[in-house]
Amino acid sequence: MNELCTSKNASAIGKNSGTYEIYWNTIEEWSIIICSWAANTGMTNSVLTFFELLNGDDTRKEQFHQLSEQVFMKALKHLEGKGKCEVIEIDGNFGVKFF
């Protein structure tokens, strides 16, 4: 697990829990994939819900389709830190606006 954590293909959940998330792509790689999709499909400056991004017909053939919401959120937070999107919460539901 240490090697996976070092390569950023895993991260511990909680302190000393012994539980890990394992990633097919690193969080940074997921953020690039998601941001590229938004740019290539003209979805910048649009607000999209997590549900439609993770489960919608428009993303059915994308690598991030049905990705766990926790991993998706981490990727978007990474993008948000770079000024490429804004995560929005309304009544407990999440959306994102890409720039």
Side-chain angles (χ1 to χ4, degrees):
M1 288 310 299
N2 288 336
E3 189 172 323
L4 284 173
C5 288
T6 300
S7 70
K8 298 186 179 180
N9 287 95
S11 67
I13 299 174
K15 292 184 178 184
N16 302 320
S17 70
T19 305
Y20 294 83
E21 283 181 332
I22 299 175
Y23 312 121
W24 180 260
N25 293 303
T26 65
I27 296 300
E28 185 174 354
E29 290 168 337
W30 280 122
S31 69
I32 292 167
I33 290 166
I34 295 163
C35 190
S36 294
W37 173 85
N40 292 337
T41 58
M43 293 299 182
T44 54
N45 295 315
S46 299
V47 176
L48 304 161
T49 66
F50 278 27
F51 182 82
E52 67 186 313
L53 288 168
L54 294 174
N55 301 297
D57 290 338
D58 292 338
T59 63
R60 188 168 306 278
K61 294 183 180 180
E62 301 302 321
Q63 289 183 51
F64 61 87
H65 187 77
Q66 295 190 331
L67 184 66
S68 86
E69 194 168 309
Q70 293 81 6
V71 174
F72 191 68
M73 177 67 89
K74 287 179 182 182
L76 291 178
K77 288 294 184 179
H78 180 80
L79 287 173
E80 194 172 43
K82 293 181 171 243
K84 296 189 179 244
C85 76
E86 179 183 359
V87 176
I88 302 162
E89 181 181 4
I90 300 172
D91 297 328
N93 295 308
F94 290 97
V96 61
K97 181 176 182 178
F98 295 99
F99 305 119

E86 versus V96: any side-chain heavy-atom pair under 4.5 Å?
-> no

Linking I/L/V/M/F/W/Y whenever their side-chain heavy atoms sit closer than 4.5 Å, directly or via other members, would V87 and F64 fall into one cluster?
-> yes

Do Q70 and E21 come within less than 4.5 Å of each other through their side chains, counting heavy atoms only?
-> yes

Should I22 and M1 be marked as a side chain to side chain contact (heavy atoms under 4.5 Å, CB included) after you check the CA-CA gap, both sets of side-chain angles, and the distance that decides it?
-> CA-CA 9 Å; I22 299 175; M1 288 310 299; 4.1 Å; yes

Measure across T26 and K8 and return the closest heavy-atom pair with its distance rounded to 0.1 Å.
-> CG2-O, 3.4 Å

Report the C-alpha distance between K74 and S11 in whole Å, list the side-chain angles of each, state the deciding distance to 0.1 Å, and finish with yes or no for side chain to side chain contact (heavy atoms under 4.5 Å, CB included).
-> CA-CA 11 Å; K74 287 179 182 182; S11 67; 3.6 Å; yes

Using a cut-off of 6.0 Å, state whether more than 12 heavy atoms not belonging to E89 lie near its atom CD.
-> yes

Of the non-hydrogen atoms in G83 and F99, which two are nearest, and what is the gap between them?
-> O-CD1, 3.6 Å

Joint cluster assignment, L4 & Y23, ILVMFWY side-chain distance < 4.5 Å | no

Quick check: are there more than 12 heavy atoms from other residues, nucleotides or ligands sitting under 6.0 Å from NZ of K84?
-> no

How long is the gap from CD on E28 to CG on L79, to the nearest 0.5 Å?
-> 9.5 Å

Evaluate side chain to side chain contact (heavy atoms under 4.5 Å, CB included) for L76 paired with F98, printing each intermediate quantity in order.
-> CA-CA 9 Å; L76 291 178; F98 295 99; 4.0 Å; yes

For residues L54 and T59, determine if any side-chain heavy atom of one lies less than 4.5 Å from a side-chain heavy atom of the other.
-> no

Closest non-hydrogen atoms of R60 and D57, given as atom of the first, atom of the second and distance, are NH2-OD1, 2.5 Å

Considering non-hydrogen atoms only, spot the tightest contact between S31 and H78 and give its length.
-> OG-CD2, 3.1 Å

Inter-residue atom distance I34.CD1 - L67.CG, 0.5 Å rounding = 6.5 Å

Should V71 and I32 be regarded as members of a common hydrophobic cluster, given that ILVMFWY residues are connected when their side-chain heavy atoms come within less than 4.5 Å of each other, either directly or indirectly?
-> no

I13 and W30: same hydrophobic cluster, using ILVMFWY side-chain contacts below 4.5 Å?
-> no

Does I27 belong to the same Ile/Leu/Val/Met/Phe/Trp/Tyr cluster as F94, with side-chain heavy atoms less than 4.5 Å apart forming each link?
-> yes

List the atom pairs, with distances to 0.1 Å, where a side-chain N or O of residues 39-52 and a protein N or O form a donor-acceptor pair under 3.5 Å, not counting sequence neighbours.
unit_1, atom_1, unit_2, atom_2, d
N40, ND2, S36, O, 3.2
T41, OG1, W37, O, 2.7
T49, OG1, E52, N, 3.0
T49, OG1, E52, OE2, 3.4
E52, OE2, T49, N, 2.7

